Amino acid sequence: MFVHHVFFWMKEDLTNADLKKFEKSVGTLSFIEAVNRAEVGKPATTNRPIIERSYSYSLLLMFDSLAAHDKYQVDPVHLKFVADCSNMWTKVLIYDSESFS
């Protein structure tokens, strides 16, 4: 299993319409054939010193393999999401991991 976890810090001056556009667009990524599972969320209400909560949205994608992830990266739906929404965030942080068990 290959896990691709993306954290977005959105620009502060975005309108509700902008955020709805982002939410709709990021949701389209789950329909890409290479994606095994997709979850989009906002920071949970948990609040302990060790928990990072400064991001605006997280996107968790799971793939059967690195090859499936690589296919996702060049999929037209993913490229459209980046083209349409990359002007909305100030920072993106990605954590990729592969299962070893």
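Since we're looking at a predicted model, the values are computed, not measured.
Taking CG from D18 and CE from M10, the interatomic distance works out to 8.0 Å, rounded to the nearest 0.5 Å. Taking NE2 of H5 as the reference point, atom OG of S58 lies at 4.0 Å (rounded to 0.5 Å).
Within the structure, the salt bridge (Lys or Arg N to Asp or Glu O under 4.0 Å) test picks out the following pairs touching residues 42-69 (sequence neighbours left out): E23-K42. Sorted by first and then second residue, the pairs that involve residues 78-95 and meet salt bridge (Lys or Arg N to Asp or Glu O under 4.0 Å), not counting sequence neighbours, are K80-D84.
The aromatic rings of Y95 and F7 lie perpendicular to each other, with more than 60° between the two planes, well past the 30° mark. The aromatic rings of F22 and Y57 sit tilted relative to each other, their planes meeting at an angle between 30° and 60°. Between Y55 and W9, the ring planes lie perpendicular to each other; the angle is over 60°, past the 30° to 60° tilted range. Between F8 and W89, the ring planes lie tilted relative to each other; the angle falls in the 30° to 60° range.
Hydrophobic cluster membership differs between V6 and L60, with clusters built from Ile, Leu, Val, Met, Phe, Trp and Tyr side chains linked at under 4.5 angstrom. In the hydrophobic cluster analysis, where Ile, Leu, Val, Met, Phe, Trp and Tyr join through side-chain heavy atoms closer than 4.5 angstrom, L61 is grouped apart from V74. Following chains of ILVMFWY side-chain contacts shorter than 4.5 Å, one can reach V92 starting from L14, so the two form part of one hydrophobic cluster. Using a 4.5 Å cut-off between side-chain heavy atoms of Ile, Leu, Val, Met, Phe, Trp and Tyr, with links allowed through other members, L59 and L79 fall into different hydrophobic clusters. Linking Ile, Leu, Val, Met, Phe, Trp and Tyr whenever their side-chain heavy atoms come within less than 4.5 Å leaves V3 and Y72 in two separate clusters.
Judged by distance alone, the side chain of D70 and the main-chain N or O of A67 form no donor-acceptor pair under 3.5 Å. Formation of a donor-acceptor pair under 3.5 Å by the S86 side chain with backbone atoms of V82 is found in this model.
A38 and S30 get closest at one heavy-atom pair: CB-CB, 3.5 Å. When all heavy atoms of T28 and S25 are compared, the pair lying nearest together is OG1-O, 2.5 Å.
Under the 4.5 Å side-chain criterion, counting only non-hydrogen atoms from C-beta, H69 is not in contact with E98.
Checking each of D75, L29, I32 against F81 for a side chain to side chain contact (heavy atoms under 4.5 Å, CB included) leaves exactly one that passes, namely L29.
Counting heavy atoms of neighbouring residues, nucleotides and ligands inside a 6.0 Å radius, atom CG of N87 exceeds 12 of them.
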